[in-house]
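For reference, the structure is listed below as structure tokens.
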Amino acid sequence: MLTALDYLEIEQLVYRYGYALDTGADNGFGYADLYADDATFTGTNQGPSGRTYQGRERLAALARGGKRGPNFMSHWVTNVVIEPAPGGAIGKTYVGIFDIGNGGNGAKSRVDHGGIYNDVYVKTAKGWRFKSRSFFESTSGAPVQPPPAMLTTPRALGPSANPDSRTPNPGTLTAQDYIEIQQLVARYPYALDQNPDDGQSYANLFTTDAVFRQPRTEGRPNLAKMATGAPHGAKYARHFLANHVIEATADGAVGKQYLVAVDIGESGQPSSIFLGGHYEDVYAKTPEGWRFKTRTFIASATGTEAK
Amino acid sequence: MTSGRLTTALGIAILAMLALTVLLPAQQRETTAAAKAKANTLTDLDYIEIQQLVRKSAWALDSGDNYGYAYADLFTPDGAFVGTNQGPEGRTIQGRDQLATLARGGSRGATVQSHLTMNHIVKASADGATGRAYVAIVDVGVVGKPNRVNHGGYYDDEYQKTPQGWRFKRRTYYESKVDVWPASSPRPGQ
């Protein structure tokens, strides 16, 4: 069982990862110390069978071996899904690896590559730490068998174990409500991009009478069909969500978040941004947990370049 | 309880109090810093409200809502934004009207989604909280132009809890910059 603070602290660990790796702070030990003593990082994209780093020295060497600088920003982590597990917690996140600020050599900023981390977290005397983290490069290719560590069938977002901690009165949200709504939205990209079950995971994020726009799609069977009509693959990462804002309403909550759909380059092709925009949501608390009641996508349209 | 036991108990209590009196100043000196940090631990709702503040700032900046005041009102009355990338010395923008002017300049609107903030870390500080977030500034849906990452970097923030909720006391933007680029790591265009 994880408390709201456990979720938040694990999320903070996941976010610290980007800074530690991109800055190489403390000769890479800033990165190494995010891991528990015997923990591992595995880059499944390094060589034909991947490469695993274990131990503080090796992890530190990894972090000081790459592109880095005190102001370098490269690992953009989002869509953080966390679940309790025996001995701690497991999770997964999207990571977009951007080249932004190329050392003044005049090269343009761009999306380099990206994919998904699969994590095991453990609570130590010093706080939550990675027990293992594996990186999987995004590929849209033919659906493949996901690795065993992957959370293939997102479990139902169960109602809180402690009913008293939930919304005490209309118009307010508890910490637990915020976390559950965040987790609902974080699961959306996995259900759509990986779609392990013919759209069932995707459809189950919605209430039975939910409406998605555009195109207007109503009811779980139609939502499942729509998801299955979209590009997907067991290792595919495309929908990056950010800036998720949540507000209480008299009968639930509303929220919105940014979307950039990134086409991660494959077979040596450059990466690009397919589209961007935002979602406007209405959430409803059901006996199964928080669900989308309506979700509307509005594409970004800008007259001139952003400054 | 017999009077003998009572006397013994009292004696122990007095000794313990004396010991405490002697020990306390030394202990206090050692734990002042720790106690101060402990007094300012953040609750789960503090974390969530600070997360929401940072996320709202991206919306307010891109939309320019309420003539830019939606953005300005996320700061304390004396709050400041520092753009270290603006000119050789950087630029500090302080005050509600000045911040609103900043937020309504440039390309703004309900369908502008440009500032993506991620990797938001939050820490308790002596008088509130501090935090950092990555920000990528993307051009998407720009008429006649391909979508692209324009630029980006990170925000260094100081947050203050006010009667109206958590607010920015100071936000400093740093442009991303590579200092070390190993030869083994391919450069863009290679």
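Residue numbers start from 1 in every chain, and the chains themselves are labelled A, B, ... in the order their sequence lines are given, proteins ahead of strands. Here the structure is a predicted model, which means the values were calculated and not measured.
Counted within 6.0 Å of CZ on A:Arg295, heavy atoms from surrounding residues, nucleotides or ligands total more than 12; the atom is thus considered enclosed.
Taking the side chain as every heavy atom from C-beta outward, A:Leu2 and A:Ile82 approach each other to under 4.5 Å. Counting heavy atoms from C-beta outward, A:Phe297 and A:Arg213 have side chains that stay 4.5 Å or more apart. When side chains are defined from C-beta on, B:His120 counts as touching B:Val122, because their heavy atoms get closer than 4.5 Å. You'll find the side chain of B:Tyr134 stays beyond 4.5 Å of the side chain of A:Tyr15, heavy atoms only.
Among residues 45-58 of chain B, the residues having any heavy atom closer than 4.5 Å to a heavy atom of chain A are, in sequence order, B:Leu45, B:Tyr47, B:Ile48, B:Gln51, B:Gln52, B:Arg55, B:Lys56, B:Ala58. Interface residues of residues 72-90 of chain B toward chain A, defined by a heavy-atom distance below 4.5 Å: none.
With a 4.5 angstrom heavy-atom cutoff, B:Ala110 touches chain A only via backbone atoms. Residue contact with chain B, scored on non-hydrogen atoms closer than 4.5 Å, involves the side chain of A:Phe98 exclusively. A:Leu5 touches chain B through backbone and side chain together, each having a heavy atom under 4.5 Å away. At a 4.5 Å heavy-atom cutoff, the contact between A:Ile246 and chain B is made by backbone and side-chain atoms alike. For chain A, the nearby parts of B:Tyr154 are the backbone and the side chain; heavy atoms of each come within less than 4.5 Å. Residue A:Tyr19 touches chain B through both its backbone and its side chain, counting heavy-atom pairs closer than 4.5 Å. For A:Thr3, no part sits under 4.5 Å from any heavy atom of chain B, backbone or side chain. Both the backbone and the side chain of A:Pro70 come within contact range of chain B, with heavy atoms under 4.5 Å apart. Neither the backbone nor the side chain of A:Val14 comes within contact range of chain B, judged by heavy atoms closer than 4.5 Å.
Options A:Gly96, A:Ser271, A:Ala242 differ in how many heavy-atom pairs under 4.5 Å they form with chain B, and the most are formed by A:Ala242. Considering only heavy-atom pairs separated by less than 4.5 Å from chain B, the leading option among A:Ala299, A:Ser272, A:Ala4, A:Gly277 is A:Gly277. The residue among A:Val260, A:Thr93, A:Val111, A:Leu241 with the most heavy atom pairs within less than 4.5 Å of chain B is A:Val260. For the set A:Tyr7, A:Trp76, A:Phe274, the count of heavy-atom pairs under 4.5 angstrom toward chain B peaks at A:Trp76. Ranked by heavy-atom pairs shorter than 4.5 Å toward chain B, the options A:Glu247, A:Lys256, A:Gln257, A:Arg16 are led by A:Lys256.
Judged purely by atom type and a 3.5 angstrom limit, B:Trp59 uses its side chain to pair as donor or acceptor with the backbone of A:Asn243. Of the possible polar contacts, one joining the A:Tyr94 side chain to the A:Pro189 backbone as a donor-acceptor pair under 3.5 Å is found.
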Begin from the C-alpha positions of B:Lys169 and B:Asp127 and carry the test salt bridge (charged side-chain N to carboxylate O under 4.0 Å, His left out) through to its verdict.
CA-CA 11 Å; B:Lys169 186 165 174 54; B:Asp127 51 357; over 6 Å; no
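Taking the ring centre of B:Tyr67 as origin, the terminal cationic atom of B:Arg104 falls outside the region bounded by 6.0 Å and 45° from the ring axis. Annotation: cation-pi pair B:Arg171/B:Tyr155 present, NZ/CZ under 6.0 Å from the ring centroid and within 45° of its normal. Relative to the six-membered ring of A:Tyr17, A:Arg133 meets both conditions, a distance below 6.0 Å and an angle of at most 45° to the axis. For the pair A:Lys92 and A:Tyr190, the cation-pi test (distance below 6.0 Å, angle within 45°) is passed.
The closest side-chain donor-acceptor pair between B:Asp65 and B:Tyr71, if any, does not fall under 3.5 angstrom.
By the salt bridge (charged side-chain N to carboxylate O under 4.0 Å, His left out) test, B:Arg132 is found to be paired with B:Asp156, residues two or more places apart in sequence or in another chain being considered. Among residues two or more places apart in sequence or in another chain, the side chain to side chain contact (heavy atoms under 4.5 Å, CB included) test is passed with A:Arg68 by A:Arg64, B:Val180.
By the 4.0 Å N-to-carboxylate-O rule, A:Lys67 lies close enough to A:Asp99 to be salt-bridged with it.
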